[in-house]
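First up is the structure itself, then whatever we jot down about it.
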Amino acid sequence: RFCHVDVPDELLQDLLPGPVTLVFKRSEELNKDLNPFTSLVGVRIPDHPFVRELARACSGPLALTSANISCQASTLTVSEFQDLWPQLSLVIDGGPIGDVQSPECRLGSTVVDLSVSGRFTILRPGCALTSTVEILQEKYGLIPESS
């Protein structure tokens, strides 16, 4: 209800939950203070039990950001962003959010703009690029655009 989804439900089920952020046109129902200078909004459903349970407990969408400084590798445990704690109101340790030994887990989610019908744009390659592109092109016939 917070965005206009113009793709088949099966496509959503193929990519979510998981390490993919899907970008759609925002709806009027979404708080205008969230990314007020764009008509788009990113939607992600992580495949992590703690985060999904937290989302279920909230009555609306959660506006989240990665716990790292922009352009740095993603953190996977709370201790890895300890230097940011003084700037935060709350830190919840729900356990590691990936294999701390895997460099791929530190790439962040693959971000895909699906706001144009029949097309997709990769905004950030992330950790699930190959499988995401295969699903979008081969299974659903979407056409890639350069970002």
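Quick caveat, the model's predicted, so the values are computed rather than measured.
With a 4.5 Å cut-off on side-chain heavy atoms, V91 and L88 count as touching. Considering only heavy atoms from C-beta on, L22 stays 4.5 Å or farther from R44 through its side chain. Residues R52 and I45 meet the side-chain proximity criterion, which asks for heavy atoms closer than 4.5 Å. Side-chain contact between L76 and C105 is present, with heavy atoms from C-beta onward closer than 4.5 Å. Side-chain contact between L123 and T121 is present, with at least one heavy-atom pair separated by less than 4.5 Å. Counting only heavy atoms from C-beta outward, the side chains of V23 and V112 never approach each other to under 4.5 Å. Taking 4.5 Å as the limit, every side-chain heavy atom of S74 sits out of range of all side-chain heavy atoms of L107.
Pairs engaging residues 97-107 under the side chain to side chain donor-acceptor pair (under 3.5 Å) rule: E80-R106, S102-E104 [sequence neighbours left out]. For the side chain to side chain donor-acceptor pair (under 3.5 Å) condition, the pairs that include at least one residue of residues 28-40, sequence neighbours left out, are R1-E29, E28-K32.
In this structure, the separation between CG on L129 and CD on E134 is 9.5 Å, given to the nearest 0.5 Å. Taking OG of S115 as the start and CZ of F120 as the end, the distance is 13.0 Å to the nearest 0.5 Å. One finds the CZ atom of F24 at 5.0 Å from the CG atom of L114 (value rounded to the nearest 0.5 Å). Rounding to the nearest 0.5 angstrom, the gap separating the CZ atom in R119 from the CD atom in E145 is 4.5 Å.
Considering only residues two or more places apart in sequence or on other chains, S109 meets the side chain to side chain donor-acceptor pair (under 3.5 Å) condition with T21, R124. Not counting sequence neighbours, the partners of D6 by the side-chain contact (heavy atoms from CB on, under 4.5 Å) test are S117.
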* Can you check side-chain contact (heavy atoms from CB on, under 4.5 Å) on L40 and K25, steps first, answer last? -> CA-CA 4 Å; L40 304 176; K25 291 180 183 166; 4.0 Å; yes
* Candidate pair D93 and F50, rule side-chain contact (heavy atoms from CB on, under 4.5 Å), full reasoning -> CA-CA 9 Å; D93 187 351; F50 174 78; over 6 Å; no
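Grouped by direct or indirect side-chain proximity (heavy atoms under 4.5 Å, Ile/Leu/Val/Met/Phe/Trp/Tyr only), V41 sits with F2, L30, L34.
Linking ILVMFWY residues whenever their side-chain heavy atoms come closer than 4.5 Å, directly or via other members, places V51 and I92 in the same cluster.
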Distance-only donor-acceptor hits, side chain of residues 9-20, under 3.5 Å, sequence neighbours excluded:
unit_1, atom_1, unit_2, atom_2, d
D14, OD1, K139, NZ, 3.4
D14, OD2, K139, NZ, 2.8
D14, OD2, Y140, OH, 2.6

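Taking every heavy atom of both residues into account, C58 and L62 meet most closely at SG-CD2, 3.4 Å.
At least one donor-acceptor pair under 3.5 Å links the side chain of T110 to the backbone N or O of A128. With hydrogens and angles disregarded, a donor-acceptor distance shorter than 3.5 Å links the side chain of H48 to the backbone of P96.
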